[in-house]
2 protein chains.
Amino acid sequence: MAERTPLTRDRLLRSAVRLADREGIGALTIRSLARDLGVTPMALYHHVHGKEEILDGIVDLVFAEIALPEPGEPWPAAMRRRAASARRALARHPWAVVLMESRTAPGPATMRHHEAVLASLRAGGFSVPAAATAAAVLDAFVYGFAVQEAALPFDGTPTPEVIEGFRVHVDPQAYPYMAEMLTGHVAQPGYDFGAEFERGLDLILGALAP
Amino acid sequence: MAERTPLTRDRLLRSAVRLADREGIGALTIRSLARDLGVTPMALYHHVHGKEEILDGIVDLVFAEIALPEPGEPWPAAMRRRAASARRALARHPWAVVLMESRTAPGPATMRHHEAVLASLRAGGFSVPAAATAAAVLDAFVYGFAVQEAALPFDGTPTPEVIEGFRVHVDPQAYPYMAEMLTGHVAQPGYDFGAEFERGLDLILGALAP
DNA sequence: ACCTGAACACCGTTCAAGT
DNA sequence: ACCTGAACACCGTTCAAGT
């Protein structure tokens, strides 16, 4: 994996994102990252102050992938577009929402994101407190949905093996309603957990108003 | 910290929860936990199979703290009560929502929780798919809100020092809407981020229907 | 300016051994 | 049955040294 291009902070962070995507955030270590970059662990310290700064940096790279509301775009369309975009970004990088919880140093992309969201809501007629509520509720839904999607033992639609696993582990005597949910809904053809995202988002956007 | 009571799985897990609460999930190691219990690291392996089982176990202990819907309780009251209880539990144990994302082996308390939620919604007249949507949206909101609360650099109401920090770091030229939000709302007396929880929950419960 | 080698104080886990 | 000591293959980070 030896590379000839000189190491930069940007190349370091992009490599870290790829490594976390590929092998999980637990496998992202200074040493494994250095290995990928064809360099010794200590070389990284010339571009970042330590592991914490790497974690801050890759969270900001994920925020940079999220579509921003466009100036002039009606707020419901803008919120729907950025929520869907955020969900896709968090599904591509399932470790991101975990890290977000522990980061307190928002990067530039994160700041731009929040600024654009507030700008869209304020332009749509929301008062400052109403914009705060709308942003908090929408963000909570997007982040919490990402947590649920990441915790699913399947990708949207469960495989026959996963369904068989449910049947073995969920005793209908002890958990009748969970059993009903699994056989009568989750195991049905065409089931897709991801569809709950659109339904939930519609529900919240319908209830929000300036 | 030497203790004379014999080590049990339950004592081990409760000690792990206290350690994670006190020093963060990153400080919960086999070795630090053994130290707290007055025992060698290897002694733990006689009660759990490894660290993964400890993480599964403490997530289940957090679910055990969440109030369950009572049989016969109207579903909106039940959902409101268990959402508020879940939020308090996740605020007491901020590491829990992070772990939830990576756990795929739900414990007995987790199973009982989900079963009771589905039972309440089904008894309230929700169809199986509608109950799935309602549970997914409510859980997403609760988990996502917990992520936001954990990421806040303050506890509900920001201290003057935190507000001063915002003023320094958020340039009103670059981020006018964030600056407006901070000075015109967050820095105002009586501001409490936690109040967004009730508002968001009301909004979602009002939009949900069997 | 940028990278390295050796070292330090940590991890989780296995193994063989003690009571 | 329950616990231990020593060892192994890992961590993040510091320091002094090389080019």
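Each chain gets a letter, A, B and so on, in the order the sequences are listed, and its residues count up from 1. Quick note: numbers below take in every heavy atom, side chains included, and nothing from hydrogens, waters or symmetry partners. Everything quoted here is computed from the prediction, not taken from an experiment.
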(request) State which of C/dT4, C/dC11, D/dT13 makes the closest approach to the side chain of A/Thr40. (result) C/dT4

(message) Quick check on the 6.0 Å ring-centre criterion: do B/Phe145 and A/Tyr143 meet it?
(response) no

(message) Within the 4.0 Å limit for protein heavy atoms, which parts of nucleotides 14-19 of chain C are touched? Write it as a string from 5' to 3', B for base, S for sugar-phosphate only, - for none.
(response) B-----

(request) Check the angle between the aromatic planes of B/Tyr191 and B/His185 and answer parallel, tilted or perpendicular using the 30° and 60° thresholds. (result) perpendicular

(request) Figure out the CD1/C1' separation between B/Ile25 and C/dG12, and round it to whole Å. (result) 15 Å

(request) Apply salt bridge (charged side-chain N to carboxylate O under 4.0 Å, His left out) to the pair A/Arg9 and A/Glu53, showing each step before the final yes or no. (result) CA-CA 10 Å; A/Arg9 189 188 137 93; A/Glu53 192 178 324; 2.5 Å; yes

(message) On DNA chain C, does the nearest nucleotide to B/Lys51 precede the nearest nucleotide to A/Arg31 from the 5' side, or the other way round? Give the residue.
(response) A/Arg31

(message) Given A/Asp56, which partner from the list A/Arg103, A/His49, A/Lys51 fulfils the side-chain hydrogen bond (donor to acceptor under 3.5 Å, both in side chains) test?
(response) A/Arg103

(message) Tell me whether the count of non-hydrogen atoms from other residues, nucleotides or ligands lying under 6.0 Å of CG in A/Asp171 goes above 12.
(response) yes

(message) Output the rounded distance in Å from CD (B/Glu52) to C1' (C/dG12).
(response) 11 Å

(request) If D/dC15 has a Watson-Crick or G-U wobble mate with both distances under 3.5 Å, name it; if not, just say none. (result) C/dG5

(request) Measure from the side chain of A/Pro41, starting at C-beta and using heavy atoms only, and say which of C/dT4, C/dG12, D/dT13 lies closest. (result) D/dT13

(message) Which heavy atom of A/Ala43 sits nearest to which heavy atom of A/Leu7, and what is that distance?
(response) O-CD2, 4.3 Å

